[in-house]
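Reviewing the structure listed below.
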Amino acid sequence: MKKITIGYFADGPWSHRAFEKMINDDSIEVRFIVPRTDSIDDTLLKYAIKYNIPYYKGVKINSNEFYKLASTYNCDLFVSMSFNQIFKERISSMPKYKTINCHAGKLPFYRGRNVLNWVLINDEKEFGITVHYIDDGIDTGDIILQRIYPISDEDNYRTLLNHSYFECANILYEAIKIIQIGDVKPIKQKDIHPVGFYCGRRGEGDEIINWNNSSREIFNFIRAICDPGPKATTFNNNNMIKINKARLIENAPKYKNINGLIVGKTDEGYIVKTGDTTIEILEIEAKETLKIGDRLG
């Protein structure tokens with residue numbers, strides 16, 4: 001099989017196992033690595049030193065300087081994995097086989113940022129990982145390969161993240177091999193859905209619980225941003241409370257009362273009134289002991 005040469009634009013845990021799969025394949029040659037400019041992860045740097053691969057941190061990939069530099073490597077393919085610069089057409093179209101990206105989302109849905117958080121918030125029963133060509137949009141290029149994975153109520157942000165770290169490497173490597181043997185059958189995203197949708201980046205303040213939401217919505221919200229996320233936040237008399245886990249209460253009655261009111265205590269946490277029923281909150285971080293009758297919000 002003819003060797004395929006790659007420029008790797010990548011960072012973080014997502015990228016490590018994918019690199020390992022590529023470097024252990026004698027028919028794949030990684031010619032250079034570009035991490036995120038603000039990267040605090042040195043794993044790829046260690047790999048670069050170990051395998052004598054040029055490593056360029058702090059470059060602006062759309063600059064004339066980088067264009068000239070990248071062109072000297074004559075790569076067949078550029079690969080993006082958890083990279084945070086937008087490829088302009090001049091650089092993405094440089095390699096023979098263009099530029100591909102691995103995205104932990106079921107394109108054309110869940111384009112954009114913080115996708116694993118949003119799928120849980122939206123109570124999805126599955127999530128996707130997609131390898132696609134980069135075009136002039138954001139996660140809008142033709143799909144090369146996509147895999148779908150189930151989500152259960154036992155899942156949370158951490159479990160999906162760990163699953164994605166593993167599966168992103170597998171599907172990215174598989175896509176590279178498909179390109180290498182010339183067996184790509186690209187799928188236009190508009191042929192799956194004419195619109196799709198985009199998710200924005202979550203920021204400060206987005207972690208605050210709305211107790212007017214249903215128990216199911218609050219359950220999803222808490223598990224969507226659990227550790228290693230920011231954790232769901234509420235307040236009791238201006239004192240911040242972090243909640244890392246919640247449990248739905250089977251057959252909890254639906255009734256109207258004060259939403260956010262602590263109405264019970266359990267061996268592991270507290271029972272809180274929601275917009276429809278009640279929910280048990282667990283793994284709580286609070287400076288003061290909570291008690292029945294406290295109003296959270």
Worksheet item: Is NZ or CZ of Lys21 both nearer than 6.0 Å to the six-membered ring centre of Tyr173 and within 45° of the ring axis?
Response: yes
Fill in: Minimum-distance pair of heavy atoms, taken over all atoms of Arg216 and Arg223
NH2-NH2, 3.9 Å
Fill in: Any donor-acceptor pair under 3.5 Å from Asn117 side chain to Tyr157 backbone
no
Worksheet entry | Heavy-atom check, side chain of Ile218 versus side chain of Ile209, under 4.5 Å | yes
Worksheet item: In chain order, what residues pass the side-chain contact (heavy atoms from CB on, under 4.5 Å) check against Ala10, with sequence neighbours excluded?
Response: Tyr8, Ser15, Leu44, Met81
Fill in: Presence of salt bridge, Arg247 and Glu268, under 4.0 angstrom
yes
Item to complete: Determine, step by step, whether Asn64 and Arg90 satisfy the side chain to side chain donor-acceptor pair (under 3.5 Å) criterion, reporting the C-alpha distance in whole Å, the side-chain angles of both residues, the deciding distance to 0.1 Å, and the verdict.
Response: CA-CA 10 Å; Asn64 288 331; Arg90 182 174 74 152; 2.8 Å; yes
Worksheet item: Is the shortest side-chain N to carboxylate O distance from Asp267 to Lys265 below 4.0 Å?
Response: no
Worksheet item: Is Lys242 paired with Glu285 through a side-chain N to carboxylate O contact shorter than 4.0 Å?
Response: no
Practice prompt. Take the angle between the ring planes of Tyr51 and Phe19 and call it parallel below 30°, perpendicular above 60°, tilted in between.
Written response: tilted
Fill in: Side-chain H-bond candidate by donor/acceptor type, His16 with Asp41, under 3.5 Å
yes
Item to complete: Measure up the Phe9 and Phe66 rings against each other and bin them: parallel (under 30°), tilted (30 to 60°), perpendicular (over 60°).
Response: perpendicular
Fill in: Of all pairs that satisfy side chain to side chain donor-acceptor pair (under 3.5 Å), the ones with a partner from residues 252-262, not counting sequence neighbours
Asn212-Asn259
Discussion item. Within 45 degrees of the ring normal and closer than 6.0 Å to the centroid, is that where the cationic atom of Arg202 sits relative to Trp118?
Written reply: yes
Discussion item. Looking only at side-chain N and O atoms, does Asn244 offer a donor or acceptor that is under 3.5 Å from a partner on Asp227?
Written reply: no
Worksheet item: Would you say Ile178 and Val131 make side-chain contact, with heavy atoms under 4.5 Å?
Response: no
Practice prompt. Please list, chain by chain and in numerical order, all residues satisfying salt bridge (Lys or Arg N to Asp or Glu O under 4.0 Å) with Asp142, sequence neighbours excluded.
Written response: Lys188
Response to the item:
Checking Glu167, Glu126, Glu174 against Arg147 for salt bridge (Lys or Arg N to Asp or Glu O under 4.0 Å), the one that qualifies is Glu174
Worksheet item: For the ring pair Tyr110 and Phe197, is the centre-to-centre distance below 6.0 Å?
Response: yes
Practice prompt. For the pair Glu20 and Tyr47, evaluate side chain to side chain donor-acceptor pair (under 3.5 Å) and give the outcome as yes or no after the intermediate values.
Written response: CA-CA 9 Å; Glu20 291 166 4; Tyr47 281 147; 2.3 Å; yes
